[in-house]
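A quick write-up on the structure given underneath.
Start at 1 and go down the list; that is how both ligands and their atoms are numbered.
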Amino acid sequence: MGRFTLPRDIYHGKGSLEELKNLKGKKAILVVGGGSMKRQGFLDKAVNYLKEAGMEVELFEGVEPDPSVETVRRGAEAMRKFEPDWIVAMGGGSPIDAAKAMWAFYEYPETTFEDLITPFNFPELRTKAKFAAIPSTSGTATEVTAFSVITDYEKGIKYPLADFNITPDVAIVDSELVEGLPAHQVAYTGMDALTHAIEAYVSTLNCVYTDPLAIKAIEMVFDYLPASFKGNMDARAQMHDAQCLAGMAFSNALLGIVHSMAHKTGAAFSTGHITHGLANAMYLPYVIKYNAKDPVAAKRYAEIARMTGLEGASEKALINSLCKKIDEFNVILGIPATLKEFGIKEDEFKEKIAVISENAVGDACTGSNPRAIDPATMEKLFTCIYYGKEVDF
Ligand code: FE
């Protein structure tokens with residue numbers, strides 16, 4: 001049996017934030033991040049639309065990037081006091097991720113993160129509130145996914161939460177909110193979305209329900225990301241929809257080892273954070289070459305190339321075209337081709353890569369990768385990415 005779960009309503013297009021007027025309820029808590037939505041006037045707009053809907057509104061502001069267990073607890077506490085029947089989360093991935101976890105603790109005050117981290121084992125939500133999500137970046141697609149990541153800074157652990165109970169009820173994908181994004185963020189989040197779609201398409205859990213979403217998302221990223229990066233707002237609006245389509249695909253088909261590797265290298269080196277989307281963009285062509293040694297995955301990658309109009313007379317030529325396309329995008333977007341070029345020091349890389357490789361193999365995203373991998377092979381793959389060597393194993 002397969003399951004395919006999405007928000008019941010996805011409002012999209014410029015100005016769709018206004019749909020908040022039509023939510024039916026009594027009280028809404030609006031969860032936001034550090035202030036960019038406020039500065040750009042979207043917070044006031046959202047509050048006013050919710051009031052027009054006849055609701056009493058309370059704000060929970062200041063959710064930090066990589067939201068913490070404490071923020072989640074504080075938010076849940078605020079919700080228990082205010083008793084909203086709508087949780088509305090607006091911003092980059094973080095406020096939405098945090099609000100998803102707050103929701104669980106609001107409805108189940110006795111639950112713990114340890115209870116929640118078993119995948120697809122959440123208690124039944126929506127006994128107290130429904131959930132609307134409004135993204136202000138174009139990449140994570142958390143507005144349509146069953147995922148959230150919360151960090152316990154004291155224990156130094158990230159809790160990846162995964163359950164269809166936290167798939168929002170309503171997503172509002174309004175491109176006006178992403179018009180002010182800086183170019184580098186457009187680049188990284190756009191490549192994150194491309195990685196979501198490609199990994200979902202070749203995932204062992206891909207299905208006929210997720211395939212069309214993934215393919216369309218890839219096609220749109222190929223068509224619109226460079227122009228969006230250069231500041232074309234029509235292209236940026238297309239990218240906002242594309243990342244959402246990719247999210248619908250990967251929320252149901254899951255991901256692969258590009259994400260496993262990005263998760264475990266993000267904060268691993270002393271030379272600085274490797275932004276999620278940038279890491280994905282760098283690793284993606286190498287992983288395609290590794291996975292394509294598996295005949296089923298090779299066929300799927302070739303399909304992506306063929307269906308998005310790339311050239312190639314054979315399966316191998318099509319896969320090469322796909323990798324070349326990603327390489328070209330990385331050049332246009334200013335993304336380095338190797339970890340060395342990114343600035344990771346060679347001796348630190350050599351010292352840490354065995355442990356990182358083991359952690360990456362153990363990441364939640366490895367299970368749905370189309371080709372199995374062990375820590376020693378993962379280390380070889382990382383070494384190829386460090387020096388820019390051909391993946392021939
Ligand atoms: Fe991602």
Side-chain angles (χ1 to χ4, degrees), residues 65-67 91-98 100 119 133 135-151 158-162 166-168 171 173 178 181 184-203 205-206 210 213-214 217-218 220-221 225 228 239-268 273-288 291 304 326 329-330 333 335 342 356 359-360 363-370 385:
D66 298 320
S94 299
I96 301 174
D97 273 16
K100 285 175 172 177
S136 68
T137 58
S138 289
T140 71
T142 183
E143 72 277 8
V144 291
T145 73
F147 312 122
S148 158
V149 183
I150 305 299
T151 306
K158 274 188 194 275
Y159 296 112
L161 310 178
I166 55 170
T167 302
V173 186
V178 292
L181 288 178
H184 69 273
Q185 214 172 323
V186 171
Y188 303 158
T189 54
M191 291 307 282
D192 186 28
L194 178 67
T195 309
H196 292 155
I198 292 179
E199 293 214 283
Y201 193 79
V202 301
S203 152
L205 292 169
N206 75 70
T210 55
L213 293 163
I218 297 165
M220 288 171 78
V221 174
L225 181 55
S228 172
M239 279 303 301
H240 205 37
D241 288 328
Q243 65 85 31
C244 186
L245 299 181
M248 292 189 242
F250 91 82
S251 186
N252 291 281
L254 307 186
L255 295 165
I257 58 171
V258 180
H259 270 77
S260 306
M261 297 162 82
H263 290 155
K264 303 308 187 212
T265 47
H273 198 83
I274 313 178
T275 307
H276 177 69
L278 183 148
N280 283 334
M282 227 183 334
Y283 306 162
L284 182 59
Y286 298 90
V287 169
I288 292 176
N291 282 346
I304 293 175
I326 297 161
F329 265 49
N330 284 345
L333 302 171
I335 292 168
F342 176 78
I356 291 172
N359 291 342
D363 188 87
C365 292
T366 303
S368 45
N369 192 67
I385 298 173

(request) Under the side-chain contact (heavy atoms from CB on, under 4.5 Å) rule, collect the residues that match up with Thr142, sequence neighbours excluded. (result) Ile96, Asp97, Lys100, Thr140, Thr145

(message) Can you list everything that forms a side-chain contact (heavy atoms from CB on, under 4.5 Å) with Thr151? Sequence neighbours excluded, please.
(response) Asp66, Tyr153, Lys158

(request) Please identify each residue that fulfils salt bridge (charged side-chain N to carboxylate O under 4.0 Å, His left out) with Asp241, with sequence neighbours left out. (result) none

(request) Report the distance from atom CD1 of Ile326 to atom CE of Met191, rounding to the nearest 0.5 Å. (result) 6.0 Å

(request) Any chance you could measure His273, atom NE2, to Leu278, atom CG, to the nearest 0.5 Å? (result) 10.0 Å

(message) Can you confirm whether the side chains of His276 and His259 place a donor and an acceptor under 3.5 Å from each other?
(response) yes

(message) Listing by chain and number, which protein N, O or S atoms are under 2.8 Å from the Fe ion (ligand 1)?
(response) Asp192 OD1, His196 NE2, His259 NE2, His276 NE2

